[in-house]
Amino acid sequence: MKITWLGHSGFRIEIEGAVLLVDPWLAGNPMFPEERRAEAIEGATHVLVTHGHGDHSSNAVAICKEKGIPLVGIYDLVSWWSEKEGIEGTGFNKGGTVDLGGAKVTMVNASHSSSIGGADGPIYAGHEAGFMIAGEGHVIYITGDTTIMADMEWMGEYHNPDIGILCAGGHFTMDMKAAAWAAKKYFSFKTVIPCHYKTFPLLAQSADELKARLPGVEVIEPEVLKPIDI
């Protein structure tokens with residue numbers, strides 16, 4: 001399995017027979033070198049979106065059209081985009097599981113907001129969500145954008161993820177302290193990868209606090225386009 005950070009909250013996950021692009025914000029992302037776009041999306045089989053905000057979904061439809069691959073995410077948004085843009089979509093909802101090339105992806109709750117920009121203001125884009133991705137003997141919890149929530153208790157016990165990709169930049173999501181607290185309280189991670197940080201000055205610029213608060217857990221500060229082999 002390979003997990004590759006695309007900057008901000010974007011990841012390329014090679015697992016089972018799938019190459020999943022999760023929240024691939026490439027164009028306009030200060031963390032992503034746009035000259036390496038082709039490399040980032042090479043061989044992709046699916047695009048997953050956690051919610052509608054532009055720093056997560058704005059490039060999703062274009063990539064799906066270019067690669068001829070399906071968009072996967074919350075039913076409301078994916079169904080609307082499928083009809084409006086003529087792309088293939090796999091829309092599902094919280095508690096549902098889809099098989100993507102042998103990887104089992106379950107949608108779970110998040111606590112945030114979800115909209116896309118419209119001419120007259122924000123447009124409803126379905127609920128925000130996270131994903132549990134199971135394959136190759138691992139379960140990856142992708143939080144999406146969220147704060148700490150009580151649902152993490154049953155999610156940790158039921159899905160038992162060993163890898164956590166946690167939003168931790170603060171201001172819009174959990175910060176490093178909160179992400180560490182949630183990781184210790186509700187999960188038994190062996191590996192934690194922070195995201196939704198460094199992108200803007202408003203966000204945390206380092207994961208040092210996360211590392212300090214999670215002794216015994218391998219906290220990996222990802223580097224853009226450098227694969228992490230699990």
Side-chain angles (χ1 to χ4, degrees), residues 4-15 17-110 112-133 142-146 165 167 172 195-196 199 225:
T4 304
W5 194 34
L6 304 178
H8 200 54
S9 289
F11 285 88
R12 173 189 171 99
I13 301 176
E14 300 172 46
I15 181 170
V19 178
L20 311 176
L21 300 180
V22 183
D23 290 349
W25 177 39
L26 308 182
N29 180 350
M31 295 290 294
F32 184 79
E34 292 192 36
E35 69 275 9
R36 298 182 66 182
R37 181 180 181 278
E39 172 188 346
I41 68 175
E42 176 65 30
T45 60
H46 306 81
V47 173
L48 280 69
V49 291
T50 61
H51 64 292
H53 290 159
D55 57 332
H56 296 257
S57 74
S58 61
N59 297 157
V61 169
I63 293 172
C64 288
K65 287 182 176 181
E66 178 179 340
K67 305 298 288 185
I69 58 178
L71 178 64
V72 182
I74 196 81
Y75 178 83
D76 314 58
L77 180 60
V78 169
S79 297
W80 180 64
W81 260 337
S82 295
E83 181 177 349
K84 182 174 180 285
E85 300 288 348
I87 60 171
E88 180 184 351
T90 300
F92 65 132
N93 217 309
K94 297 171 187 179
T97 302
V98 293
D99 187 323
L100 304 181
K104 304 299 193 297
V105 179
T106 301
M107 187 180 292
V108 295
N109 201 23
H112 190 60
S113 62
S114 181
S115 63
I116 58 176
D120 299 314
I123 298 172
Y124 168 75
H127 282 189
E128 62 278 13
F131 297 116
M132 295 285 180
I133 302 175
I142 296 179
T143 62
D145 282 6
T146 193
I165 297 179
C167 61
F172 299 105
C195 67
H196 210 283
T199 322
L225 289 171

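What you see is a predicted model, and the numbers here were worked out from it, not measured in a lab. Residue indices begin at 1 and follow the sequence shown.
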List the residues meeting side-chain contact (heavy atoms from CB on, under 4.5 Å) with [X], not counting sequence neighbours, and say none if there are none.
X: Pro122; answer: Ser115
X: Thr199; answer: His8, Trp25, Asn29, Pro30, Met31, Leu203
X: Ala62; answer: none

Is the count of non-hydrogen atoms from other residues, nucleotides or ligands lying under 6.0 Å from His112 atom NE2 greater than 12?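 For His112, atom NE2 is crowded (more than 12 foreign heavy atoms under 6.0 Å).
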Any side-chain heavy-atom pair of Pro24 and Ile41 under 4.5 Å: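 Side-chain contact under 4.5 Å: no.
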With a 4.5 Å limit on heavy-atom distance, are the side chains of His51 and Ile74 in contact?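 Counting from C-beta outward, His51 and Ile74 never come under 4.5 Å.
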Pairs flagged by salt bridge (Lys or Arg N to Asp or Glu O under 4.0 Å) wherever residues 31-58 is involved - sequence neighbours left out: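 Non-adjacent pairs meeting salt bridge (Lys or Arg N to Asp or Glu O under 4.0 Å): Arg36-Glu39, Arg37-Glu66.
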Has Ser57 got a side-chain atom pairing as donor or acceptor with Gly52's backbone, closer than 3.5 angstrom?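 Yes, Ser57 side chain to Gly52 backbone: donor-acceptor pair under 3.5 Å.
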His56 and Asp145: side chain donor to acceptor below 3.5 Å: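 Yes, because at least one side-chain N or O of His56 sits under 3.5 Å from a partner of the opposite role on Asp145.
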Please list every donor-acceptor pair under 3.5 Å in which a side-chain atom of residues 88-98 meets a protein atom from a residue at least two apart or in another chain.
{"unit_1": "Lys94", "atom_1": "NZ", "unit_2": "Asn109", "atom_2": "OD1", "d": "2.8"}
{"unit_1": "Lys94", "atom_1": "NZ", "unit_2": "Glu128", "atom_2": "O", "d": "3.1"}
{"unit_1": "Thr97", "atom_1": "OG1", "unit_2": "Thr106", "atom_2": "OG1", "d": "2.7"}

Sequence neighbours left out, what pairs pass side-chain hydrogen bond (donor to acceptor under 3.5 Å, both in side chains) with at least one residue falling in residues 72-83?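 Qualifying pairs, neighbours excluded: Asp76-Tyr124.
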State, to 0.1 Å, how close Ala40 and Leu225 come at their nearest heavy-atom pair, and which atoms those are.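 Of all heavy-atom pairs spanning Ala40 and Leu225, the closest is CB-CD2, 4.0 Å.
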For Ser9 and His196, work out which heavy atoms get closest and say how close.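 Looks like OG-CD2, 3.3 Å.
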